[in-house]
A.B. asks: 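Below is a structure I'd like to ask you about.
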Amino acid sequence: MGSVKKTRLVCISHKEDLDGLGSAALVRQATGAEPILVDYVGQMSKLKEISEDLSLKVLHICDLGLSKKNEAEFVDVMATLRRRHVRVTYVDHHDIRPDIVTKLADMGVNVIHSTDECTAVQVYHKYERRLPEGASFIAACAAITDYMDSNPLAAKLLQKYDRQFALISATVLTYNIVGHQKDTEYLLYLVDQLTELKFPHEIPNAYENAQLQVGYLADTMSRVRQGYKKMRNLAHMEMTDTGASGAVNFVLGFSGKPVGVAYKERIEQGAYAISIRGAPDLNVHLGRIVSSLAADFDGTGGGHAVACGALIPKKQMKAFLRTLNERLGESF
C-alpha cells in the first residue's frame with residue numbers, strides 16, 4: 001500500500017469572536033484552507049483529531065491562546081505534526097510563555113505572535129500580497145471588536161475606511177457570532193461570506209439578528225444592575241439565561257470594582273464558563289493570573305491583560321473566586 005498523499009489544507013480558528021472568524025476567512029482567501037472553528041475548551045481535542053489525518057499538508061492555527069494546563073500537550077501535538085513534515089503556522093495575540101514560543105520555533109513551527117495586534121491583523125500582514133483588495137476591512141473590523149484598533153498596524157488599516165461604517169459593521173458581525181455560538185454551520189457560513197468580501201448589510205438577516213442580540217443585552221444590563229455581588233477586589237455574577245461574555249462588562253461597570261467576573265454553568269461539562277474583565281488602568285495582567293489559578297483548580301484559562309476567561313469545575317467555583325479576590329489584593 002502506498003503512502004497517503006498530503007493534500008489537505010486546514011485552518012483551525014477561534015469560533016467565539018470576529019478575530020477568530022476573520023482570521024479563518026483571511027487564511028482561506030490566501031491559501032484555500034478549509035476552516036474549522038473551535039472554542040478554547042475544544043481546541044485540543046480537535047487538534048489531536050486533525051493531527052491523526054495523514055493527508056494533512058498544511059495547518060494554520062489562529063486566535064487560540066494557550067494556558068498553563070494545555071501548553072505542554074499543544075507542543076507535543078505540534079511535534080507529532082512536524083515529524084510528519086506537516087507545515088504549521090501558529091498566529092496568535094494572547095500571552096504565551098517565551099519558552100513555549102522558543103520550543104515551537106525550534107521544531108519548525110512558523111510562530112507569528114504579538115500581543116500588540118489582534119490575530120486577524122497579523123494574518124493580514126503576513127499574507128497581504130496574496131489577499132484580494134478589500135480584505136483589510138476584515139482585519140480592521142476584527143481589531144475593533146478586540147479593542148485593538150488604535151494599535152499601529154490596525155490603525156493604519158482602519159484609516160482606509162469610514163470609521164462609523166467600520167464600527168457598525170464590526171458590531172453587527174459580532175452580534176451575529178455571539179448569537180449563533182451553538183450553530184457551527186452558521187458560523188462557517190459567516191466565514192464563507194467574509195471570504196467573499198461581503199459586508200454585513202449584504203449578508204441576509206445579519207442586521208435583524210444583531211437587533212435581537214441588542215434586545216437581549218438590554219435585558220441583561222437590567223438584570224446585572226440588580227444582581228451582581230461584590231467582594232473586596234472584584235464583583236461577580238452567575239448568569240442563567242444568557243452568556244457570561246455579554247454580561248461581564250456590565251458587572252465591571254456597574255460595580256465600580258477593578259475586576260468584573262461573570263460565569264455560566266455548562267451542565268454537560270460540570271463546569272462554569274467564566275469571563276473576566278479588568279478596568280483599563282488595571283496594573284496587573286489578568287490573563288497570567290487566571291492561567292495560573294485555573295490550573296490550580298483543575299481548570300483551564302488565560303488571555304489578555306484586562307480581558308480573559310476560564311473553565312472551572314463547578315465544585316471549585318467558590319474557591320476560585322475567593323482565591324482570585326485574594327490574589328488581586330496581593331497585586332494591587
Side-chain angles (χ1 to χ4, degrees), residues 9 11-37 60-64 89 91-94 112-181 185-211 213-214 245 304 307:
L9 284 64
C11 176
I12 298 179
S13 195
H14 189 202
K15 67 179 283 189
E16 295 176 306
D17 62 20
L18 182 55
D19 197 24
L21 270 69
S23 296
L26 291 169
V27 171
R28 188 175 185 184
Q29 287 173 337
T31 71
E34 164 198 353
I36 295 177
L37 302 175
H60 284 76
I61 305 162
C62 296
D63 197 34
L64 288 168
T89 298
V91 193
D92 192 56
H93 68 128
H94 299 90
I112 302 171
H113 175 257
S114 171
T115 58
D116 295 330
E117 301 284 351
C118 74
T119 302
V121 167
Q122 294 183 68
V123 172
Y124 179 83
H125 186 65
K126 172 177 173 57
Y127 288 120
E128 182 175 0
R129 293 183 180 180
R130 295 166 61 176
L131 290 169
E133 185 177 357
S136 60
F137 188 70
I138 299 172
C141 287
I144 289 170
T145 60
D146 264 25
Y147 301 96
M148 302 185 77
D149 52 298
S150 62
N151 294 5
L153 294 178
K156 186 175 181 180
L157 295 180
L158 191 55
Q159 286 176 357
K160 299 180 181 181
Y161 304 101
D162 175 77
R163 182 171 180 82
Q164 300 307 315
F165 179 71
L167 287 171
I168 194 169
S169 297
T171 301
V172 169
L173 288 169
T174 293
Y175 285 165
N176 274 262
I177 293 167
V178 170
H180 290 87
Q181 279 302 293
E185 289 303 312
Y186 183 83
L187 298 177
L188 289 170
Y189 165 74
L190 284 182
V191 173
D192 289 343
Q193 296 295 290
L194 292 171
T195 303
E196 295 173 11
L197 297 179
K198 295 288 183 67
F199 293 115
H201 67 274
E202 298 174 313
I203 300 175
N205 301 314
Y207 272 73
E208 291 81 356
N209 290 334
Q211 186 175 8
Q213 290 303 310
V214 169
S245 62
H304 307 295

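Please read all numbers here as calculations on a predicted model, not as lab measurements. In this chain, residues are counted from 1 in sequence order.
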A.B. asks: Heavy atoms, side chains only, cut-off 4.5 Å: are Ser23 and Val91 in contact?
C.D. replies: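 With C-beta onward as the side chain, the pair stays apart.
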
A.B. asks: Look at atom NE2 of His113 and say whether more than 12 heavy atoms of other residues, nucleotides or ligands are closer to it than 6.0 Å.
C.D. replies: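 Yes.
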
A.B. asks: Take Leu37 and Ser13 through the test side chain to side chain contact (heavy atoms under 4.5 Å, CB included) and record every step on the way to the result.
C.D. replies: CA-CA 5 Å; Leu37 302 175; Ser13 195; 4.3 Å; yes

A.B. asks: Which pairs of donor and acceptor atoms, one on a side chain in residues 134-143, lie under 3.5 Å apart (sequence neighbours left out)?
C.D. replies:
{"unit_1": "Ser136", "atom_1": "OG", "unit_2": "Tyr161", "atom_2": "OH", "d": "2.5"}

A.B. asks: Assess whether side chain to side chain contact (heavy atoms under 4.5 Å, CB included) is satisfied between Tyr207 and Ile168, documenting all intermediate values.
C.D. replies: CA-CA 10 Å; Tyr207 272 73; Ile168 194 169; 4.0 Å; yes

A.B. asks: Are any side-chain N or O atoms of Gln29 and backbone N or O atoms of Pro132, one a donor and one an acceptor, separated by less than 3.5 Å?
C.D. replies: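 Such a contact is absent between Gln29 side chain and Pro132 backbone.
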
A.B. asks: Just by distance, no angles: are the side chains of Asn209 and Asn176 close enough, under 3.5 Å, to form a donor-acceptor pair?
C.D. replies: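 Side-chain D/A pair, Asn209 to Asn176: present.
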
A.B. asks: Sequence neighbours excluded, which residues qualify as side chain to side chain donor-acceptor pair (under 3.5 Å) partners of His60?
C.D. replies: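 Scan of His60 (side chain to side chain donor-acceptor pair (under 3.5 Å), adjacent residues dropped) gives Tyr127.
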
A.B. asks: State, yes or no, whether a side-chain contact exists between Thr195 and Val191 at a heavy-atom distance under 4.5 Å.
C.D. replies: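 Contact flag for Thr195/Val191 side chains = yes.
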
A.B. asks: Is any side-chain heavy atom of His94 closer than 4.5 Å to a side-chain heavy atom of Asp63?
C.D. replies: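 Yes, close enough: below the 4.5 Å cut-off.
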
A.B. asks: Would His93 and Asp19 count as having a side-chain donor-acceptor pair, cut-off 3.5 Å?
C.D. replies: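 Yes, Asp19 and His93 have a side-chain donor paired with an acceptor closer than 3.5 Å.
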
A.B. asks: Between Asp192 and Arg28 (salt bridge meaning N to carboxylate O under 4.0 Å), is one present in this structure?
C.D. replies: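 Looking at Arg28 together with Asp192, the answer is yes, because their closest N to O distance falls below 4.0 Å.
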
A.B. asks: Evaluate the ring planes of His201 and Phe199, with Trp represented by its six-membered ring, and classify them as parallel (under 30°), tilted (30 to 60°) or perpendicular (over 60°).
C.D. replies: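 Parallel, since the angle between the ring planes stays under 30°.
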
A.B. asks: Within a radius of less than 6.0 Å around NZ of Lys160, do more than 12 heavy atoms belonging to other residues, nucleotides or ligands occur?
C.D. replies: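 Yes.
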
